[in-house]
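Here is how names work: the chains are called A, B, and so on, in the same order as the sequence lines, proteins then strands, and each is numbered from 1.
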2 protein chains.
Amino acid sequence: MAHDDGIHAAVTCGDCPIRHRAVCARCEGDEIEELEQIKYFRSFEAGQTVIWAGDRMDFVASLISGVATLTQTLEDGRTQMVGLLLPSDFFGRPGRGEAAYNVIATTDIVMCCFRRKPFEEMMERTPHIAQRLLQMTLDELDAAREWMLLLGRKTAREKIASLLSIIARRDASVKRQEAKGRMAFELPLTREAMADYLGLTLETVSRQMSQLKREGVIELEGKRRVIIPDMDVLMTEAGDDSDGGFLV
Amino acid sequence: MAHDDGIHAAVTCGDCPIRHRAVCARCEGDEIEELEQIKYFRSFEAGQTVIWAGDRMDFVASLISGVATLTQTLEDGRTQMVGLLLPSDFFGRPGRGEAAYNVIATTDIVMCCFRRKPFEEMMERTPHIAQRLLQMTLDELDAAREWMLLLGRKTAREKIASLLSIIARRDASVKRQEAKGRMAFELPLTREAMADYLGLTLETVSRQMSQLKREGVIELEGKRRVIIPDMDVLMTEAGDDSDGGFLV
DNA sequence: GACCTCGCTTGATATGGGTCAATTTCACCC
DNA sequence: GGGTGAAATTGACCCATATCAAGCGAGGTC
């Protein structure tokens, strides 16, 4: 049962990424068995709110399929996305009984949930879990910091290019293809969600998308399908050369 | 040897916060003893660079005194602060041999360093360390997300008020005094560093500080000493009511 | 005491992105 | 295949913040 990469391991271990990613670093049978007892699935449709900031949250979860977002809002309604959850991403916090952010499904999603208390108890007894979770959290922190650079210092054009290349790269790694040359993918976000990710208005997002299209940096099929003729060009537009696999 | 709060514990455990914060959740003697073997101190003067992004980094560390920053830059020199380190904050990443960010001392600082490899080995054997580090990292992630809201959606005025109230609150908790009513503190950052924190230019920072002063929200003694006549007013200006003790 | 430097402030002007207001497109549903 | 409504585009205008530039003040050096 060789584990040469994340995807293979996840498949080998079963249908739920958390079993591999947060827990079974070495696929130990009894750990998986115990997780099985406290796990359950939930699904939501595109547009539904999974949980509101401040609500009781007695589970932690990993996303199996679809895309969800974490958002924060000011009283007057200004909202900022602070997390973009793609399949295999984890959310919820051990030791915290209430949600800190709004979690919203932007496509139909399926989540694999674990009851929080038993999960925390398991963490106490099973060093692998805490260690794996630490690695995942550190990765998220790096992604958050990259995101801060984007929010604080990039132009609207660079922001758009960055977001597109983040999604393209993440998508590419899932499909196990090289993130080079020509690429195509379905945008899982509305223009408004993109704006909330980037700290822009949806009009500016739209304008910059049109601009990039006019200049041949991207092509659009309909409103959501994006084709990148040349990833290198897009990444130059993004303003940094970070080739890391960041993204929360 | 009761541990009723973080500060007390840190003092009780010795002079280095990491011993309590990252490790000795229950002050177990042998863990402390072993850490003692791999620890060493380093100090830097205000303005010195502790480490450049990309450099080899074979230690992790906690800040004992002073203030340091983590910054990221684009090729053309635009820079964004992504971490503000105050005493007892931890930095460096287990499992990563090179620095991801520039670490710069903004005041004279003293750090308590631990050689990375032995620290990682200890983490493997000592669940408490990974668990404590996980909690600290999750707190940092929350702080980063609060920071993202600031960068993406707040006005210059709100950004300044937010930063001042973050520093004031953090300062207050160190001094064990209530973060209510009148407060005073020394700004540990230049206007330029404030700008890098907030995603603004230093001119805008200066103008907004003058504006807040003119309106009586803050008072200034010299350029660095800040007096907050009424914390509630400042926090209203900050645009959110988050009373959490966030901050990296 | 004159001079320099560095951090900061202030002013004048430019501009990127926000705001407000129509349209247009397209995915979906009869 | 035509109708409908939400999502997206586009235009006109405005404003918050950036940019460029000048000047100030405190501390340090000769």
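- Under 4.0 angstrom from either OP1 or OP2 of D/dA18 there lies at least one side-chain N or O belonging to B/T201.
- Of the two residues contacting DNA chain D, namely B/T155 and A/V205, the nearest-nucleotide position lying further toward the 5' end is that of A/V205.
- Among the candidates A/T71, A/D196, A/N102, the single residue satisfying the side-chain hydrogen bond (donor to acceptor under 3.5 Å, both in side chains) test with A/T79 is A/D196.
- Between A/S210 and D/dT10 there is a side-chain N or O to OP1 or OP2 distance below 4.0 Å.
- Distances were taken from every side-chain heavy atom of B/E203 (C-beta onward) to each of C/dT10, D/dA18, C/dG17; the shortest belongs to C/dT10.
- Computed from coordinates, the A/Q211 CD to D/dG11 C1' distance equals 15 Å when rounded to whole Å.
- The interatomic distance linking A/L220 (CG) with D/dT10 (P) rounds to 10 Å, in whole Å.
- The residue A/G199 sits close only to the backbone: its heavy atoms come under 4.0 Å of sugar-phosphate atoms, none of a base.
- Among the protein residues, A/L202 comes within range of the nucleic acid bases, having at least one heavy atom under 4.0 Å from a base atom.
- Taking the side chain of B/R224 as heavy atoms from C-beta on, and the options C/dG7, D/dA18, D/dT9, the nearest nucleotide is C/dG7.
- Closest contact between the side chain of B/K223 and the listed nucleotides D/dT17, C/dC8, D/dT10 involves C/dC8.
- Distance from the side chain of A/R191 is smallest for D/dA8 among the nucleotides D/dA8, D/dT10, D/dT19.
- Here B/T190 lies in heavy-atom contact (under 4.0 Å) with sugar-phosphate atoms only.
- Put simply, CG on A/L198 is 18 Å from P on C/dG16, counting in whole angstrom units.
- When the P atom of C/dC28 is taken as reference, atom CD of A/E45 falls 13 Å away, rounded to whole Å.
- With DNA chain C read from its 5' end, the first of the two nearest nucleotides for B/R153 and B/T204 is the one closest to B/T204.
- Salt bridge annotation for B/R170-B/D89: present, with a cationic side-chain nitrogen under 4.0 angstrom from a carboxylate oxygen.
- Rounded to whole angstrom, the span from the CD atom of B/E192 across to the P atom of D/dA18 amounts to 13 Å.
- Across the protein-nucleic acid pair, A/R225 atom CZ and C/dA27 atom C1' stand 16 Å apart, rounded to whole Å.
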Q: Please step through salt bridge (charged side-chain N to carboxylate O under 4.0 Å, His left out) for the pair A/R225 and A/E186, ending with a clear verdict.
A: CA-CA 4 Å; A/R225 184 153 193 86; A/E186 206 71 24; 3.0 Å; yes

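- A/M194 has its CE atom 13 Å from the C1' atom of D/dA7, to the nearest Å.
- Interatomic distance, B/K154 NZ to B/I160 CD1, rounded to the nearest 0.5 Å: 12.0 Å.
- No donor-acceptor pair under 3.5 Å is formed between the side chain of B/D55 and the backbone N or O of B/A99.
- Set against C/dG17, D/dT10, C/dC8, the side chain of A/R207 has D/dT10 as its closest nucleotide.
- Between the P atom of C/dT10 and the NZ atom of B/K213 lies a distance of 7 Å, rounded to the nearest Å.
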